[in-house]
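Note that these values count all heavy atoms, side chains included, but never hydrogens, waters or copies made by symmetry. Indexing begins at 1, ligand by ligand and atom by atom, following the structure's order.
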Amino acid sequence: MQDTLTHPLDAPDAKPFEVAAQAAEDIARLTGVDHHDIALTLGSGWGKAAELIGETVATIPATEVTGFSKPALEGHVGTLRSIRTASGKNVLVIGARTHYYEGHGVRRVVHSVRTAAATGAKIMVLTNGAGGVRETWKPGQPVLISDHINLTADSPLEGATFIDLTDLYAKRLRDIARSIDPTLDEGVYTQFRGPHYETPAEVQMAKTIGGHIVGMSTALEAIAAREAGMEILGFSLITNLAAGIQKTPLSHAEVIEAGQQAEPVISALLARVIEAL
Ligand code: 8IG
């Protein structure tokens, strides 16, 4: 636990990987599960997947885990769950994402990913709700992330840490996902800072530079996951077509509704993919 003024990742002498190791110890103690094989971050629209993945062994409030709680009361930060699949794999389900646009710095954004690696997870499954740049995509459609463009101008890596990002979103894992659903399309995820959605001109820029999906979360997490040695699988739920691609203004309510409509279908898909990993 921590006092209410300093966050463990904000201390001048903080070592992010040591804080993550402490968080992993907390998770082992609180869940009674000393090792996880796969970690899964649930983004908007994907929340129902957890129940379908297997038997929930333990659910813990993220506030009980080092580095997940906030320095002051700022609403809830969600839960962490340990789930055992039918084949006996332990899946750490992270329902507590910190977004870059919250402004607490990139260390806090990727703390859950580093913690997942510290619990032993070798595969990081990152899911999100996002905007679609391809006109042929429909709200409610899940797509695989094939690569990303990081437009945050930031990095979770500190110092001269040169990390290769070739095949960041592992083709091996995308192929497994497509063996479950051969109709899955894929595209390049473009991370903007947010929290505003893009202008139509920014969406055209994303398209011109090779982006197909626009979002606010996953690229920074994927970089940290690769640094931590994990294999990464990324899914976007297209909740809306990006600004200017769809002719009507974007509304958060619409985004939430598309997510709710799609939730049962994509959750079942995700559960089947995880069992196949
Ligand atoms: I849900 O259109 C969702 N998240 N950047 N743009 C960006 N993030 C998003 C969008 C979108 N829809």
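- For Arg172 and Asp175, the salt-bridge test fails: no basic side-chain N is under 4.0 Å from an acidic carboxylate O.
- The option from Glu198, His196, Met216, His252 that lies nearest to atom 6 (N) of ligand 1, judged by heavy atoms, is Glu198.
- In terms of protein heavy-atom proximity, atom 4 (N) of ligand 1 is closest to Gly129 O, 3.6 Å.
- Annotation for Gln22: atom CD counts as buried by contact number, over 12 foreign heavy atoms lying within 6.0 Å.
- Comment: Glu186 does not engage Lys171 in a salt bridge, judged by the lack of any side-chain N to carboxylate O separation of less than 4.0 angstrom.
- For the side-chain contact (heavy atoms from CB on, under 4.5 Å) criterion with Asn128, the lone passing option out of Thr41, Leu42, Thr218 is Thr218.
- Among all protein heavy atoms, the one lying closest to atom 1 (I) of ligand 1 is Thr239 OG1, 3.0 Å.
- Between Arg174 and Asp167 there is a salt bridge, since a side-chain N of the basic residue sits under 4.0 Å from a carboxylate O of the acidic one.
- Ligand 1 lies within reach of Ala130, whose nearest heavy atom is under 4.0 Å from it.
- In summary, Arg107 and Asp10 do not engage in a salt bridge, as defined by a charged side-chain N under 4.0 Å from a carboxylate O.
- At least one side-chain heavy atom of Thr85 sits less than 4.5 Å from a side-chain heavy atom of Ile53.
- Residue Ser44 has no N or O atom closer than 3.5 Å to an N or O atom of ligand 1.
- For ligand 1, the atoms lying closer than 4.0 Å to a non-hydrogen atom of Leu250 are 2 (O).
- In summary, the atoms of ligand 1 found under 4.0 Å from a heavy atom of Val255, numbered by their order in the structure, are 1 (I).
- Ligand 1 has no N or O atom lying under 3.5 Å from any N or O atom of Tyr197, backbone or side chain.
- When heavy-atom distances to ligand 1 are checked against a 4.0 Å cut-off, Val214 comes that close through both its backbone and its side chain.
- Of the heavy atoms in Asn240, only side-chain atoms (C-beta onward) come closer than 4.0 Å to ligand 1.
- Under a 4.0 Å heavy-atom criterion, Gly215 is in contact with ligand 1.
- Between Glu102 and Arg97 there is no salt bridge, since no side-chain nitrogen of the basic residue lies less than 4.0 Å from a carboxylate oxygen of the acidic one.
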